[in-house]
Each structure stands twice: as C-alpha cells, then as structure tokens.
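Below is one structure; the comments refer to it alone.
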Amino acid sequence: MGIAMSARKIRIGVSGHDLKFWYPLQACLESTGKYEFREDLWHGHEEHDAAKSSALIEWADVLIAEWALGNAVYYAANKRPSQKLYVRLHAQERRTNYPARIDYSRVDAIVFVGRHILQECLGKFEIPKEKCVVIGNLVDVERFRQAKFGGAEFVLGMIGIAPQSKRLDLALDTLELLLQRDPRYSLRIKGTNPASVPWLWARTSDRHYYESIFQRINSGSLRYKVTFDPPGTDVHHWLKLVGTLLSPSDHESFHMAVAEGAASGALPIVWSWAGSKEVYPEFPSVDTAAQAATLIDFYNNSAAGPRLREHSLDVISTRYGKESVSRKWDLLLQGNSEQSDTSLQNRRGRKVVAVWAIDDWSTFHRREMLEALAGHLAKTHDFLIIEPGNHYATIAKLGWAPPTELAEIAAGRFPRESQNIFRVRLFADGIPAGIQRTSYQGRSDLPEILNGLVEESYGRGAELLHWVYKPDQALRLPKSAKFIYEVYDEYTMNFGTGEIHGKMVEMEPIALQRADHVFFTSQPLLERKSAQTSSHSLVGNGVASEVFARYRVGRGESRKGRPVAGYLGNLSTFFDWGLMLEVCSSMPGVDFMFHGQIELAVGDMRCEQHAQMEALPNVFFSGRVDRVKGASAINRYDVLLIPFVVNDAMHAVNPLKLWEYFATGLPVISSPMDAIMEASPLIWVARTVQEWVIAINSALAADDVNAYNARIDRAEEHCWQRLTVAHAQVVESL
C-alpha cells in the first residue's frame, strides 16, 4: 500500500551522520512537488539529539535512514506503527554490527546501492530478502558534463585514496607503465591527505603503507608526475583536467567517483572489485596495472576511444541520472517498487517448460531467445532454467552462486528473472548438514528432482515440457518425457577439425527420433538430420537487437585515431588462429580487439599461435565478456570479424554473432560458411590471408550508408521477438 495522497505534501524525515549522497536525490524528489523533507543529522553512529529525533517521528509520514547504522536501529525501534521506514545500506555498515540490531519487521524496505552488497549482507545478517531493493546512487550528469582542458587525455585521476584498500599503489604502477610508452602521462589525486586523518594515521599498517607510497613518489621517476589536490565540492571542475578515471580499489559498494568521471567524459578504468561488473557492466574491466595501462594507451590512440567516452557518459545518464534514480525512489515511496520474489508458490495450473541450460543463465548464449519466447507464453507457461552443476558443495567452492542463493534453492525457493522465468539448480549431492532442503533435493536422479520440484510448486499432474540442446541431455530424460530438441550446432563433429564424434553419432539419432519436435537453426543442419525426426522446423538464429542498438554510434563522425577490427565470441578450436595471426601481422596500422573466453587445451599448437598474436602490439584480448559489455564494445569498432575454420562442422553453423554484428550496422567479414546466405555489400567473404587483408581495408574505406542501414534492417528481421513466435506456436501445440 502506498501513502494516501492528500492536499498536503508527503512528509519525509531523513536521518544519518552523512547525507552527501542523499541531498542530490532529495532535490530531485522535492522538484516533483509531492514531498516535503526535514532532517535529523546525527553526530556519529550513535550520537544524536533525542528530542529532535522524537519530533521528527511525530512530524513525518515516512522515515528514511541514510546508512544502516545507529540511526536505523533507533528509528526501527521508535517509529509509529503507521509510519513507513526505508533504510539505505551503502557498504561500511556491513563491517559493523548495526544491521544485526535493526528490527526488520518494522522496516518496509532496505535499499542497497549494489547487488553484491545485498548478497553479502544477506549472508551475514538476518535481513528478509523480500524487503531488499537495489537502487544505485544518483549522479547529476549535467553538473559534470563540461569541456576538458587540452592534454587531459594524458591525465589519470583518482578521487579519494584512503583507506589503503583504495590501492593507490596500483594507480602508481599503471602510471609507471604508461610513462614507458609516453612521457606526457601524469596522475592527479583529489581528496584528504591520509596523514591528516588521526584515526587512520594511528594504525601502524596504514601509516607504513602511505609512508612507503610517498617515498616511492618522491624518490623516483614519479616525483614530478603525481599531483595532490585538496578535497572540496569542486570535483566537477577538477574533472576537466582528467582524461581517465581509475578505480583500482579492492572493494567498493558503488564508487561514485567512477560515475562522476564517466559523466565528465573521462575514460573509466575499473579493476574487478566484487560487484564492479554489475554496477558498471559496460566499462572496461581489468585485473592488473599492466592491463589498465594497455587499455588506456589503446583508447587514447584508437578511434574507439572517443566512442567509449561517449558511451560511458550515456550509460551513466541513462542508468544513474536524475530521471532514472529519482523515478525508482518515487515508485518506492509510493509503494510500487518491484522487490525480490523467489517464490514458486501459487503457480498451480500453469504449464512448465524446463530448459536444460548448458551455461549459467547470466552468460547463456540462448538467454535472449528464451526471454523472448517466455514473453510470448507469459499468460500460460513458466520457464524453469536448469543451470548446470548438481553438487552443492562444488558449486559453492567454485563460487558459481552466492551461498545465500544456494541455500534458498535447496529449500525450494528460486531466483525469479522475469514474470515467468525462474532459475533452478538440481542438487543430487553435496548439500551440507544443517542446510534446509526440500524432500526432492538430494535425490540421485536429476529428472526425478525436477519432477519433485514441479509437483510441489505446480501440483500433481502439471504439464511439463523439456527443452534440450544436446543429445546426452535428451537421453537422460525418461522415455515418456515430452521434449523439444533445439539443434544449433553440428555436435556429431569436432568443430576444429570436422572429424566425427563417435558417441554423438550414436546418441543423436535416438534423440532426434524421440523428440516431440526438433528446431534446426540452419538449412545444412536441417538437410543433414531432418529425415530422422517426426516433427521439425527451421528457425534461424537471431538477436536481441535492442541490446546492440542501445550502443550504436553514429557513423557520420570523423574517424580520429587508429581503426579497430573486433571479434566477439568464444576463442576455441573453431577460431582460425593461424589465419588471424598472419592477418594481424600483415596489418600493423589496424588494431585488433578479441572479446571472448579462450578455450584451448594445454599443448594445443594453437596456444603458440595465441601467444604470438598476444605479443603483437596491435592485438588485444579482453577475456570473456557478458552480453552488455560485448554489445557496447563492438559498436565502438570499425569492422567486425567471423574468422572461423572451414570444415563440414562449421559449414552447418548459422553464427549467432552474424546477427549481433548486423545489429550494429558495421561492416562484417567472414570465412565462407554454407549456412550464411547473406551477400555483398552486407558482408565480405574472405578465404586467404590476402583476401582478408583486402576485405578489411575495403571495409575501412567504405562509407556505404545504404549497406549500414540494410544490415540493421536484416537484424531487425531476425530479432528474437519475431523468430520466437514460431517456437511459441510449437510449445503451445505440445
């Protein structure tokens, strides 16, 4: 229930020892004309004016505790029954006992600034998950959007260097490496001098850390390359000096400095602190100073640099700008926020599609397709995404899921991803003693566990349809089970060599014959296998075009900097390593960026080719990226590549990345594959090294607006929203 609207404004009382993060949000909420604010500024985590706090309780309709500290404990204990109380938890609270002392039965919602902080606190404190909400900090983008001073691209910036977990040492490492490339680089640091903070300087380890840092700066090559600027409210002016904002911290909750730097047009370089890839999924992510230096120098010399800065500013404006964050808070205060729901209760009467995924949902390459399909069937069907791994202890040890999530799943509560999509895991073993479990979790047979889940949540006799991707998944099901087999690759062959896989050749005909329906994603796959099915369809691969369209850069701007050829996808045996090594070596004036997980066995000769490519100054490997980071990255490049080996296995592939590439509008160059039916000028086909070099140069020289628009149109024709209508019709018929 929201607060009843009346002639007067809703009265909101805000408490906390530090309200600097709250004030910009309060200003936005005040501008709606709905709210009136008063504050209770505490002197510390415990010290406050009791009379003032009591008066605020008498006056307010809603109470907001900024920080889950002593103020949250006090207001939860003393609020009136009719009052709503919202607590905002940042990061420092999790290292105190205050969250454990809050009476959450008297709290309406706990707002976290990052999902990783939420997960950590759920594991440490008895916080009701259903009351948890994630809303990032608000960034006043317009305040920071100012023209940079000349030479700013060579200035690194850090805001705040205390405590030592901010890792100023990594920033210095990065600067030293950059100075080896260009003497113009420098570092500016804005914030309080650690030596002037009594409690910090009194700690021996901290004092020794900063003393060694200062000695390092003053006694070596960095002496005139590091500038310390005082703290103040002029960060928006200071950022005009800065071209790259560093976030090398060991841990952060949100790190406002990253958002402010990106809003100013600075290049954001974020180390992989826990949660960084969730708070800032599009931004470059690094693990070492060497990686940071390489990326900074790359983006300062590449045509992709200005595009990344443009993307970053747009991301902050869209996700954390005034309109977005204040709207979420407005909905929360009105009682309309979407809070966590992990319940499968009250789903009786609905039909169930159990999807046997071959990767975690967050990185599963069929995710967008399944989301579109589930949307078509939202009124009647639920989708249970069965994530791989069935040994509880192993999953916990490998960190594949948060401990709190694993415990909830064992107890029969499942993460909800959308209106009718739930993630599930089937635990056959390894559930620790003391963990609450359902009657079905812990059985030895996975389909039997699934049947128990479905019966408990949907009732005995609920209609269950399985969706599988590989023959072995199909043969694991009971013979009486209904299932759809989606064939998107030639799994009877080795992708790298085209050699036959004996076991798969034996298993797949059985799977094809048993399937109630088979979907083929390419004409070659259909021609090879359809005779063994009783029912089949041809539905090609597609794209969540809106994801890639979100990051398109207008092609009319001048290309300043080195051109970039990009690749997005796994780097396995089907990737033509030998070909690309020669192409990259032959084109030193072009940068090549490869985004994807490298999947090569130790001793494979391709490992040496990978090492030789990595040693080239114009080749960069980013490692695995998720869909958002990948979509934003390839939009920044000039030409996109599909350099696959050519054999019978790969001739059957309708590459998912083709449609993702087309969604950017950018030129595409591909190895010849029978399943690709597109033609010039939408795509260049190249076989030899010489043909690849010619094609890349031709694509870089081309400025064909018609082809650019035609690729986007083809991607729209292949968007999952359209293609999955055919899938939905089959599911309904079964």
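This one's a predicted model, so the numbers in the text were calculated from it and none came from an experiment. Positions are given from 1 along the sequence. Heavy-atom basis, side chains included; hydrogens, waters and symmetry copies ignored.
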key: Close side-chain approach of I712 to F548, heavy-atom, < 4.5 Å   = no

task = Would you please say whether a donor-acceptor pair under 3.5 Å links the side chains of S535 and H517?
result = yes

E486 bridged to R366 by N-O distance under 4.0 Å = yes

task = Output, in order, the C-alpha distance, side-chain angles, deciding distance and verdict of salt bridge (Lys or Arg N to Asp or Glu O under 4.0 Å) for K351 and E732.
result = CA-CA 10 Å; K351 300 174 182 180; E732 287 179 317; over 6 Å; no

message = Any non-hydrogen side-chain atom of P471 less than 4.5 Å from a side-chain atom of Y485?
response = yes

key: Donor-acceptor contact below 3.5 Å, side chain Y280 vs main chain F254   = yes

request  = Please determine if D359 and R624 form a salt bridge, counting it only when a charged side-chain N lies under 4.0 Å from a carboxylate O.
outcome  = yes

inquiry  = Looking at every non-hydrogen atom in both residues, tell me the closest pair between L29 and S326 and how far apart they are.
reply    = CD2-O, 3.8 Å

Note: E463-K482 ion pair, threshold 4.0 Å (strictly below) = no

key: Nearest heavy atoms of Y320 and N137, plus distance in Å   = CB-O, 3.6 Å

task = Please assess E417 against R423 for the test salt bridge (Lys or Arg N to Asp or Glu O under 4.0 Å), listing each intermediate value before the final yes or no.
result = CA-CA 7 Å; E417 294 293 332; R423 288 189 292 112; 2.7 Å; yes

remark   = Heavy atoms of M504 and T492 approach each other most closely as CB-CA, 3.8 Å

message = Please determine whether side chain to side chain donor-acceptor pair (under 3.5 Å) holds for the pair R627 and S362, giving the CA-CA distance in whole Å, both sets of side-chain angles, and the decisive distance to 0.1 Å.
response = CA-CA 9 Å; R627 183 66 77 242; S362 61; over 6 Å; no

query = If you measure from the Lys or Arg side-chain nitrogens to the Asp or Glu carboxylate oxygens, is any gap between E506 and K503 under 4.0 Å?
reply = no

Q92 atom CD, over 12 foreign heavy atoms within 6.0 Å = yes

query = Do Y104 and P99 have side chains that get closer than 4.5 Å, going by heavy atoms?
reply = yes

Check against side-chain contact (heavy atoms from CB on, under 4.5 Å), W400 and E405 = CA-CA 10 Å; W400 289 356; E405 180 179 289; over 6 Å; no

query = Going by heavy atoms in the side chains, are H595 and K629 under 4.5 Å from each other?
reply = no

inquiry  = Please check this pair: side chain of K277 against backbone of P281, looking for a donor-acceptor N/O pair closer than 3.5 Å.
reply    = no

message = Please check: side-chain N/O of K79 versus main-chain N/O of K84, any donor-acceptor pairing under 3.5 Å?
response = no

note = Here the pair of heavy atoms bringing L464 nearest to L450 is CD2-CD2, 4.3 Å

key: Flag side-chain contact, heavy atom, 4.5 Å: C132 against L122   = yes

note = Closest non-hydrogen contact found for A72 with I102 is CB-CD1, 3.7 Å

request  = Taking atom types as modelled, find out whether E66 and H90 have a side-chain donor-acceptor pair closer than 3.5 angstrom.
outcome  = yes

ask   = When you measure from the side chain of R425 to the backbone N and O of P388, does any donor-acceptor pair fall under 3.5 Å?
value = yes

ask   = Are the side chain of N390 and the backbone of A428 linked by a donor-acceptor contact shorter than 3.5 Å?
value = no

message = To the nearest 0.5 Å, what is the distance between CG on N420 and CG on L377?
response = 7.5 Å

ask   = Do the ring centers of W659 and W720 come within less than 6.0 Å of each other?
value = no

request  = Measure up the F519 and W467 rings against each other and bin them: parallel (under 30°), tilted (30 to 60°), perpendicular (over 60°).
outcome  = parallel

query = How about R101 and N97: do any of their side-chain heavy atoms sit closer than 4.5 Å?
reply = yes

message = One pair to check against side chain to side chain donor-acceptor pair (under 3.5 Å): Q513 and S534. What are the steps and the verdict?
response = CA-CA 7 Å; Q513 292 161 12; S534 59; over 6 Å; no

ask   = Are any non-hydrogen side-chain atoms of Q721 and E546 less than 4.5 angstrom apart?
value = no

ask   = Tell me the ring pair (Phe, Tyr, Trp, His ring centres under 6.0 Å) pairs involving residues 361-399, sequence neighbours left out?
value = F364-Y469, H365-Y488, Y392-F427

Cationic N near anionic O, under 4.0 Å, R550 to D314 = yes

note = Of all heavy-atom pairs linking R106 and A77, the shortest is NH2-O, 3.9 Å

task = Say whether, by atom type as modelled, one donor and one acceptor occur between the side chain of R416 and the main chain of S418 under 3.5 angstrom.
result = yes

request  = Can you run down the side-chain hydrogen bond (donor to acceptor under 3.5 Å, both in side chains) pairs that involve residues 429-454, sequence neighbours left out, and say none if there aren't any?
outcome  = none

query = Got a donor-acceptor contact below 3.5 angstrom from the K124 side chain to the R94 backbone?
reply = yes

task = With sequence neighbours left out, write down each residue that passes side-chain hydrogen bond (donor to acceptor under 3.5 Å, both in side chains) with K529, or none if nothing qualifies.
result = E490, E508

key: Steps toward side-chain contact (heavy atoms from CB on, under 4.5 Å) verdict (Y35, D61)   = CA-CA 10 Å; Y35 307 103; D61 301 310; over 6 Å; no

message = What I'd like to find out is whether the side chain of V325 reaches to under 4.5 Å of the side chain of I135, using heavy atoms alone.
response = yes

key: E282 vs Y551, side chain to side chain donor-acceptor pair (under 3.5 Å): CA-CA, chis, key distance, verdict   = CA-CA 10 Å; E282 296 89 348; Y551 302 105; 2.6 Å; yes

request  = First locate atom CZ of F483, then atom CG of L465, and finally report the distance between them rounded to the nearest 0.5 Å.
outcome  = 10.0 Å

task = Check step by step if side-chain contact (heavy atoms from CB on, under 4.5 Å) holds for V353 and V731.
result = CA-CA 9 Å; V353 179; V731 171; 4.1 Å; yes

inquiry  = Tell me whether R327 contacts the main-chain N or O of K322 through its side chain, where contact means a donor paired with an acceptor under 3.5 Å.
reply    = no

Sidechain-backbone polar pair: S324 side chain, R319 backbone, donor-acceptor under 3.5 Å = yes

query = Is there a donor-acceptor pair under 3.5 Å between the side chain of D360 and the backbone N or O of E387?
reply = no

query = Just wondering, are more than 12 heavy atoms of other shown residues or ligands nearer than 6.0 Å to CZ in R460?
reply = no

Derivation of the side-chain contact (heavy atoms from CB on, under 4.5 Å) call for L734 and V730 = CA-CA 6 Å; L734 293 177; V730 171; 4.1 Å; yes

